[in-house]
Number of protein chains: 2
Amino acid sequence: MSAPSLRARVRSEMTEEILAAARRRLAADGANLSLRGVARDMGIVASALYRYFPSRDDLLTALITEAYEALAAAAGEADARMPRADARGRWLAVAHAVREWALAHPSEYGLLYGTPVPGYAAPQGTRAPATAVVLLLVAIAGDAAQEHPDALPPSTPLPDALRADLRKLIDQQPGEIPEELLGRVFAGWVQLFGLVSFEVFGRTDAAIEARQEYFDHQMGMMADLAGLL
Amino acid sequence: MSAPSLRARVRSEMTEEILAAARRRLAADGANLSLRGVARDMGIVASALYRYFPSRDDLLTALITEAYEALAAAAGEADARMPRADARGRWLAVAHAVREWALAHPSEYGLLYGTPVPGYAAPQGTRAPATAVVLLLVAIAGDAAQEHPDALPPSTPLPDALRADLRKLIDQQPGEIPEELLGRVFAGWVQLFGLVSFEVFGRTDAAIEARQEYFDHQMGMMADLAGLL
DNA sequence: TCCGAGTCAAGAACAGTGTTCTCTGAATGG
DNA sequence: CCATTCAGAGAACACTGTTCTTGACTCGGA
């Protein structure tokens, strides 16, 4: 493998700089970042960007991929910081990490979980990191169930199709989890992103101000539901 | 009160036509509808629209208000179709109505519950219909609690601030509801819009295909949680 | 009946956008 | 050393929201 030529190196550096500028502009202007804007920020003419990204959508795709990875990393690190046996603590830590990352990067979060941008279809590459958080929640619940198998709450049976689909999803990851828990973990996942979306997108009523206190209470409730002690 | 002049009548008709065209274009093109596009659709020049709406944002506001009202109406009618004593049936009917309206009007739903449009702040007028659905859920749970006061599930106490805020919200509406239920109904509300958002925005993993079956199961679970029999 | 006032649509214009194409200058590699 | 490659500049095109001017039309009152 030959050493990367100077041209190749400066090219990858430039790509990195463009992404950084785009991220800054995304934070400032929201989802409608303009190519010309980021070009202006770097003292470059807009058409020059096309040497690095074939279109605005491809730039967005790169940002989305980065954002998925950053979110997954934040969740994973929060989980790793807790003792493995403390399932409830891990669950809440992951929830906190997701919430805090979303509040710190609202535009990126909007790209990931908000209205899809019109002409844009998520390419295959973004799919894997998108499932990281739910897989993490499943793993935590699985660990808890293994530790306290008697704490399993009674559960209405899952519809067959849902069970099959959830199995298909979690089979991407090693680890055992009782099927009775799947629907409950799924509910916790939905609750997590539902709460965060309401908060980030400002769609709760004015009377219900978004506060971490509520978030903790609701996620704790879902932890109970999922049988985490 | 004088009869509306011909000019006033044709003006309101024109306003209605513009909104209709904008709705069609919204359904076709997603959230980035263009004034010039709707103008083109009606054989009109773009600047003429400014006689009726002072800016694109005001047109969007009108669409958003309409959409909130349509969603609230769909939910309310679904509730009214069920016998008042069948709390669980009403709960599921409302959830179904919200889901089906959202799937039938994905762009409008995105306007209401997706990424907020960048420069846009929801005016006061849109706030009231936005709370209609959660008030409906609260009312249903309140009716159930009144009918079967013994069915109240045990509940961890709400944080004070959350309880105060939820009280403030539901005090806009008559009816009694035990405070232990508030957090659970809130969770059901979050679950409802979280599920619908995942489904409409296509953010569930490819392995978990969105199906009504899942939706029913999850919302039934939340109904159990909220003590609806 | 007529006429000033008010209203409407059209059209041009401006600033901004994504994208494509052409051109120049510089780095690259044989 | 020289031909090839490639990064950036600049012009151009089609599109957007918005503003302003201009001419035609309708309305209410004298």
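Labels below follow one simple rule: chain letters A, B, ... track the order of the sequence lines, proteins then strands, and each chain is numbered from 1.
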Spacing between [X] atom [atom1] and [N] atom [atom2], to the nearest angstrom:
X: M42(B); N: dC8(C); atom1: CE; atom2: P; value: 13 Å
X: N32(A); N: dG16(C); atom1: CG; atom2: P; value: 15 Å
X: R9(A); N: dA7(D); atom1: CZ; atom2: P; value: 15 Å
X: L33(B); N: dT16(D); atom1: CG; atom2: P; value: 11 Å
X: D58(B); N: dG17(D); atom1: CG; atom2: C1'; value: 13 Å
X: L49(A); N: dG18(C); atom1: CG; atom2: P; value: 9 Å

Worksheet entry | Helix axis bend for the helix from dT1(C)-dA30(D) to dG30(C)-dC1(D) - C1'-based end axes, five pairs, 10° rounding | 10°
Fill in: Pair Y109(A), S197(A): side-chain N/O donor-acceptor within cut-off below 3.5 Å
yes
Worksheet item: Between D58(A) and S55(A), do the side chains contain an N or O donor and an N or O acceptor separated by less than 3.5 Å?
Response: yes
Worksheet item: Between R23(A) and E108(A), is there a side-chain N and carboxylate O pair less than 4.0 Å apart?
Response: no
Worksheet entry | Carboxylate-amine/guanidinium contact R24(B) D41(B), below 4.0 Å | no
Fill in: T115(B) side chain to T115(A) backbone, donor-acceptor under 3.5 Å
yes
Worksheet item: Is the backbone of L33(A) close enough, under 3.5 Å, to the side chain of R56(A) for a donor and an acceptor to pair up by distance?
Response: yes
Practice prompt. Mind listing the residues from residues 11-26 of chain A sitting with a heavy atom below 4.0 Å of DNA chain D? Number order is fine.
Written response: R11(A), M14(A)
Discussion item. Just so I know, are the side chains of L19(B) and L59(B) near enough to count as touching, which here means a heavy-atom distance under 4.5 Å?
Written reply: yes
Item to complete: Taking the side chain as every heavy atom from C-beta outward, state whether V38(B) and I44(B) have any atom pair closer than 4.5 Å.
Response: no
Discussion item. Tell me if the aromatic rings of F193(B) and Y113(B) count as close, with their centers under 6.0 Å from one another.
Written reply: yes
Response to the item:
Protein heavy-atom contacts under 4.0 Å, written 5' to 3' over nucleotides 19-30 of chain C as B (base), S (sugar-phosphate only) or - (none), form the string BBB-----BSS-
Fill in: Aromatic ring pairing Y214(B)/F186(A), orientation class (parallel under 30°, perpendicular over 60°, tilted between)
perpendicular
Worksheet item: Base, sugar-phosphate alone, or nothing: which one does Y52(A) contact when heavy atoms must sit under 4.0 Å apart?
Response: sugar-phosphate
Item to complete: Check V98(A), V196(A), V200(A) against L103(A) for a side chain to side chain contact (heavy atoms under 4.5 Å, CB included) and give me the one that passes.
Response: V200(A)
